[in-house]
Structures are given as structure tokens and as C-alpha cells.
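Nothing here was measured: the structure is a model prediction, and the numbers come from that model. Residue numbering restarts at 1 for every chain, and letters A, B, ... go by the order of the sequence lines.
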Protein chains: 2
Amino acid sequence: MALKIRKNQSKLPPEQCPLTECMSVLGGAWTPNLIWYLSAGPRRFSELRVDMPGISAKILTTRLRDLEAKGVVLREVKPTSPPSVEYSLTELGAELIPAIAAIVKVGHKLKMLHGKD
Amino acid sequence: MALKIRKNQSKLPPEQCPLTECMSVLGGAWTPNLIWYLSAGPRRFSELRVDMPGISAKILTTRLRDLEAKGVVLREVKPTSPPSVEYSLTELGAELIPAIAAIVKVGHKLKMLHGKD
DNA sequence: CTGTATCCTGTAGGATACTG
DNA sequence: CAGTATCCTACAGGATACAG
């Protein structure tokens, strides 16, 4: 990756490049929301659907599986009479909270600045 | 990307819900990268194209205009003989750095855990 | 309840060509 | 150099129906 073409900009740490990976974590449109709601504690599939009105079961499943595969979300099947599944954030997943919070913070500022609500 | 989230209903504080807004800031696929490269200092259009191999001029322009409109990026036209334009992060834009850094951090961890590069 | 399987659409983004 | 204008493709995501 070619950078450092200008004097007034120093070479950035290698962490800069893996933004592709970082975005693969929060890639989906609903992913940040999903993580956020999960941060409040374990949630069931149907609960998440209520939390995020507008999300389709397909996408919710997709995002859930995706995050699970990445070790961000933990899926626990409760052997109850009506099958229920609880999703929760893993230790690693919890580390995303500050990141999301930071983005939300700026996003909120932006909203106030432009007054577009 | 059709983010048409309207009203979030949960026990979570309202400040956290507007993830729609936060994602509208880092919405584009290249946006995080763009902000990151800008964080190192002012960059010209062509320099950014080199920084991010693969990005098309169209998208670069789009993202740049978008961020400019949001007050995250500052666009300065230098009245030089060959027209040159410098882009830089505003104060507000700089606040996104920690957020991006946090995501990168987790993304990097994820990469190491799964060993998939 | 918790998903999975299709079908379909909107739109972000790439390629290319052209302008000031 | 710094864009802009078109055209086109890929894929995320919605709707609906169906399954364990």
C-alpha cells in the first residue's frame, strides 16, 4: 500500500491499513445496532427483532451468525420446551462498545450541528 | 444501503440508539480509511487516490463531498497555477480518530484470533 | 420460537471517458 | 490536477413463505 508521498504527512502505523478488517466487523448496516443492544445483556432472537424494528429475520440471522463466527457474539441454545436462543457479547465483543460509543458521540454532535433530525 | 431505522425502543439510553446517525458518518466503505489517511495531515485529491489503491475518483469525490458537508472534512482550494486542493480533518473530524482506532484494534484482534488474513 | 430459502430491489461503488 | 458524467455490476437487505 503506497502512502507517504507528501512531506506534511508522516507514515501512519500499520494499524491504519486493516480498516478493511475493522469494517468487516461492523460491516453490516445493522451490526452496530445489534452489538449495542447485545451490550445491555443477553437477548433472544425475537427480542432483538423487537429492539430493531425494520430488520428482517434473514438479516438478523445473517449478522448474528457472522458475529458469532468472528467470536464477537455467543449463541446459547436453551433446551426449554419452546426452543429459545440467547445471544450475548463475548469479551472481545464487549471491546467494540467503546468504539461504537465514540462514533455515536460524534454522530450526535453532527446532528446537532446541522440541526437535521 | 437503506438504513431506514426510525424509532428504537429499548431500555438503552437514547444517546446510544442513534447508531443510524453514527453510521451515516462512517457509512461508506472507504470512509474510515479516508478519515484515517486524512488524520495524518492535509492531503491532496491525487494523493488520496494513491493512498487508497482501488478507490475510484467518483467515490473519492462522493465521500469527500459527503464528509465536507457534514463538517468532518475541510476542503481548501489553493489558487496555484496547477489547481490543487487540500483536504483535511476538522476538529470534529479529528474526534472520529479514536473511534476508528478502537474498531481497528478489535478488528486486528479478530484477525489474529482467526488467523485469517 | 428460531430460523432457512427464494425472489427482488436499492444503491454503493467500479470502469471509463470527458471537462475546466 | 481535480473532478464530473454515464453506464454497469455486485451485494446488502426487505418481503414472503416455509421448516424444525
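Counting only heavy atoms from C-beta outward, the side chains of A:Y87 and A:L38 approach each other to under 4.5 Å. Two residues are said to be in side-chain contact when any heavy atoms from C-beta on lie closer than 4.5 Å; B:L60 and B:F45 meet this criterion. A:E47 is not listed as a side-chain neighbour of A:V50, based on a closest heavy-atom distance of 4.5 Å or more.
Comparing C:dG14, D:dG3, C:dC1 by their closest approach to the side chain of A:R44 singles out C:dC1. The A:S46 side chain lies nearest to C:dT2 when the options are C:dT2, D:dA5, C:dT4. Closest to the side chain of B:P83, out of C:dG13, D:dC1, C:dG3, is D:dC1. Each of C:dT4, C:dG13, D:dG14 was ranked by its minimum atom distance to the side chain of B:W30; first place goes to C:dG13. Comparing atom distances between the B:I55 side chain and each of C:dG14, C:dC1, D:dG14 picks out C:dG14 as nearest. With distances taken from any side-chain atom of B:F45 to the nucleotides D:dG14, C:dG20, D:dG3, the minimum falls on D:dG3. The side chain of A:R63 approaches D:dA12 more closely than any other nucleotide in the set D:dA12, C:dG13, D:dG14.
When rounded to the nearest whole Å, the span between CG of B:D66 and C1' of C:dG13 equals 14 Å. Following rounding to the nearest Å, A:L48 (CG) and C:dC1 (P) show an atom-to-atom distance of 13 Å. Atom CG in A:L34 sits roughly 11 Å away from atom P in D:dG13 (whole-Å rounding). Rounded to whole Å, atom P of C:dT11 lies 14 Å from atom CD1 of B:I59. Following rounding to the nearest Å, A:E68 (CD) and C:dT2 (C1') show an atom-to-atom distance of 13 Å. Rounding to whole angstrom units, CG of residue A:L60 and P of D:dT16 are separated by 18 Å. Protein atom CZ of B:R65 is 18 Å distant from nucleotide atom C1' of C:dA12, rounded to whole Å. When the C1' atom of C:dT2 is taken as reference, atom CZ of A:R43 falls 16 Å away, rounded to whole Å.
Residues A:V85 and A:L64 are members of one and the same hydrophobic cluster, defined by side-chain heavy-atom contacts under 4.5 angstrom among Ile, Leu, Val, Met, Phe, Trp and Tyr. Cluster annotation: A:Y37 is not connected to A:L74 through the hydrophobic network of ILVMFWY side chains, with a link wherever side-chain heavy atoms come within less than 4.5 Å.
Side-chain N/O atoms of B:R75 include one lying less than 4.0 angstrom from OP1 or OP2 on D:dG3. The side chain of A:Y87 places no N or O atom within less than 4.0 Å of a non-bridging phosphate oxygen (OP1 or OP2) of C:dC1.
No N or O donor and acceptor, one from the side chain of B:K58 and one from the base of D:dG3, sit under 3.5 Å apart.
Using a 4.0 Å heavy-atom cutoff across all strands shown, B:P82 reaches no nucleic acid atom at all. Heavy atoms of B:S84 sit under 4.0 angstrom from primed sugar atoms or phosphate atoms, though from no base atom. Across all strands, A:R49 comes closer than 4.0 Å to no nucleic acid atom at all (heavy-atom distances).
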| task | Tell me, with the steps shown, if B:L89 and B:V72 meet side-chain contact (heavy atoms from CB on, under 4.5 Å). | result | CA-CA 6 Å; B:L89 285 184; B:V72 173; 4.3 Å; yes
